[in-house]
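Structure record follows, encoded as structure tokens.
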Amino acid sequence: MTRTLAQKVWDQHIIAHESDGPDLLHIDFHLIHEVSTPQAFDGLRLAGRKVRRPDLTLATEDHNVPTLNITAPIADPISRLQIEALRKNVEEFGIKIFKLGDAGQGIVHIIGPELGITQPGMTIVCGDSHTATHGAFGALAFGIGTSQVEHVLATQTLPQAKPKMMAVTVNGSLPHGVTAKDLVLNLIAHAGIGGGQGYIVEYRGQAIEELSMEGRMTVCNMSIEWGAKAGLIAPDQKTFDYLEGRKFAPQGDDWPLAVESWKALATDEGAVYDKEIILDASTMSPFVTWGTNPGQGVPLSGVVPSPNDFTDEGEQQAALKALAYMDLTAGEPMRDIEVDAVFIGSCTNGRLEDLRAAAAILEGRHIAANTRLLVVPGSVRVRLEAESEGLDKVFIAAGGEWRGAGCSMCLGMNPDQLAPGERCASTSNRNFEGRQGQGGRTHLVSPAVAAATAVMGRLAAPADLAR
Amino acid sequence: MEKFISHTGTAVPFRQSNVDTDQIIPSEYLKRITRNGFEDGLFAAWRTEENFVLNKEEYKGASILIAGPNFGIGSSREHAVWALQDYGFAVVISPSFADIFRGNAGNAGLVAIVVDHEAVEKLWDIVEDNPTTPVTVDLEARTVSAGEFIVTFQIDDHTRARLLEGQDEIALTLAHAKEIDAYESARPSWRPLIS
């Protein structure tokens, strides 16, 4: 019987199968952080349970951590308490942690791949909705809630109902200057905010194959933004090249065995998906959001839509509310929208390739007056690599701020927040109301568009700078 | 988890689509390490607006939230479910839920049920017409009723069974301990281990 990539990974992890019930899946690796775990550890203690596999679990501190003065005690007492709770919990249960200040610290979805922990064919979970990032390697990776975190800690398994399978086939090549972020924003606007609900999505086609591993991570990262359970991409030579030699990647005689098994994961010829979406990359252009969910996006060359452009009554209401919150007028060209802040970072676009793309545009230029630029590497490793290439100097010379690693202004759980009414071009993943700070307004963009926007002080693409 | 067989209470007509988790509970409330006491964070930003539906006197004390499609999109934060429960909601009704939210609800004992859009519209009309209308959610019969109106709802069999029995899912899984051991003993040698 022919099977898809996701079906193969799923089948390889079934421990118990009951008809009409969920499958009990083994979880190959569990990434944890400070926000979604304290109540899970409390639950274990209450029930007198242990962590079954501390050796398949890794903790880091990312959501709450400050990106300035990182060697000082955390100023916010509630954040500090949460970080201290994580440290106490991992010590009690014997779990390895990368703390703020450690060379291994960073956003949970950045450090997994960096360390070579994220490998094809694995099941990976984390109490964070952007866990599908790891799907870029052909892993089945998805976000879970705190009850499930407790379940995985206690059992290294999860009962899961099998979702349907969808293919997103992106034919053709992305034009010059159009990136993975533009591709996925385009897809979400096309499919709708709930378009992926109930599906595991396999991204495939020429444009996906041509993406770097970093670009593939950006696409998979945003699977949740259109409701998909997980998103993944068949492993290929790029995947193997990325992994070879990394700390937790297979070593020695294991390497060829691993590669052989990874190659067998690709979707079989003739395998059937429950649904397919086909897109043409060659028609895509820089894409930005105007509203308050990631599906409310248009090409940068476009205008703010009118609620009347939507046929569904619910979407009309949503557009009306979004325009009011975003303080935008229908028909306004996107390129006329001025911003107060630009944020480059997050698990979506906080990797070295993203910083290089932004620095290439900012080199020899300065950001606009009345615009501030915050550059936050996704991990300490990304920060050090960027510094070894001199990217930090480019950002600082352009008038930007170069910070320590963490989630930062993607969700404003640390001091990096927008003030009420401020508008931001952000390389992160969500433009929900108040996401980057209460009353803040977010436009989701690629790193290249973020950098050009910082220079112009309004939404812009790199091509606008050359004119 | 407590058993849930059926529930009767008044309802809030929440005429909004795509309600995201950052609205249900903003991230600043996620810094807490407790399992309860999140009611102050529920819709914290929207509750500052006088006209927000939860601020209306006629819906005070309601225990059933009737929302538009795509309820709970975004984050995996189970705090969104806890905040709804801590505020006093036992049931959320919507034409569709984000997957993680729906899973979290089932695990935490908040009953998240799906009825079609027409039924949601009908329930909104009934409740707006008379906010004191008792709404009954019968998990055994899989029905929602309000006055003369009655409709069958969807919930997956496994979640329904667990809610009816008040089962601890971890205990159910631990009954498979031998199978987990057997599976793990065959795990490929190259898969990562943290030592």
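All values reported here derive from a predicted model rather than from experimental measurement.
- Electrostatic pairing of B/E184 and A/R53 counts as a salt bridge here, judged by a charged N lying under 4.0 Å from a carboxylate O.
- For residues 145-171 of chain B, no pair satisfies ring pair (Phe, Tyr, Trp, His ring centres under 6.0 Å), with sequence neighbours left out.
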Q) So B/D20 and A/R435, salt bridge (charged side-chain N to carboxylate O under 4.0 Å, His left out) or not? Walk me through it. A) CA-CA 10 Å; B/D20 64 72; A/R435 171 79 177 178; over 6 Å; no
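- The parts of B/A171 that come within reach of chain A are both its backbone and its side chain, each placing non-hydrogen atoms under 4.5 angstrom from that chain.
- Remark: the A/D128 side chain and the B/S76 side chain contain no N/O donor-acceptor pair separated by less than 3.5 Å.
- Both the backbone and the side chain of B/N107 have a heavy atom closer than 4.5 Å to some heavy atom of chain A.
- Heavy-atom distances place both the backbone and the side chain of B/N70 under 4.5 Å from chain A.
- Listed by first then second residue, pairs satisfying side chain to side chain donor-acceptor pair (under 3.5 Å) with a partner in residues 55-65 of chain B read B/H7-B/S63, not counting sequence neighbours.
- Using a 4.5 Å cut-off between heavy atoms, B/D156 makes no contact with chain A at all.
- Between B/S96 and A/Q197, the closest heavy-atom pair is CB-OE1, 3.7 Å.
- Looking at heavy atoms from C-beta onward, A/F248 lies out of side-chain contact with B/W190 at the 4.5 angstrom threshold.
- Annotation: side chain of B/K31 is in contact with side chain of A/N64 (closest heavy-atom distance under 4.5 Å).
- Of the atoms belonging to B/Q23, it is side-chain heavy atoms, and not backbone ones, that fall under 4.5 Å from chain A.
- A/S147 and B/E78 share a donor-acceptor pair across their side chains, judged by distance under 3.5 Å alone.
- Salt bridge annotation for A/R52-B/D181: present, with a cationic side-chain nitrogen under 4.0 angstrom from a carboxylate oxygen.
- Residue contact with chain B, scored on non-hydrogen atoms closer than 4.5 Å, involves the backbone and the side chain of A/A258 alike.
- Put simply, the side chain of A/K229 never gets that close to the backbone of B/D99: no donor and acceptor are under 3.5 Å apart.
- Taking 4.5 Å as the limit, every side-chain heavy atom of A/E313 sits out of range of all side-chain heavy atoms of B/S17.
- For the pair B/R35 and A/T146, the minimum side-chain heavy-atom distance is 4.5 Å or more.
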Could you walk me through whether A/D28 and B/R187 satisfy the salt bridge (charged side-chain N to carboxylate O under 4.0 Å, His left out) test, starting with their C-alpha distance in whole Å, then the side-chain angles of each, then the deciding distance to 0.1 Å, before giving a yes or no?
CA-CA 9 Å; A/D28 279 313; B/R187 190 173 188 266; 3.6 Å; yes
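- For chain A, the nearby part of B/F97 is the backbone; its heavy atoms alone come within less than 4.5 Å.
- Within the 4.5 angstrom heavy-atom criterion, only side-chain atoms of B/I100, from C-beta onward, approach chain A.
- Under 3.5 Å, the side chains of A/Q39 and B/W82 contain no donor-acceptor pair of N or O atoms.
- Put simply, the residue from A/L56, A/I117, A/I95 that forms a side chain to side chain contact (heavy atoms under 4.5 Å, CB included) with B/I194 is A/I117.
- One distance of note links NE2 of A/H17 with CD of B/E179; it measures 13.0 Å at 0.5 Å rounding.
- Inter-residue side-chain proximity for A/F29 and B/R191 is flagged as unmet; no heavy-atom pair is nearer than 4.5 Å.
- Using a 4.5 Å cut-off between heavy atoms, B/H79 touches chain A through its side chain atoms alone.
- Within the 4.5 angstrom heavy-atom criterion, atoms from both the backbone and the side chain of A/L257 approach chain B.
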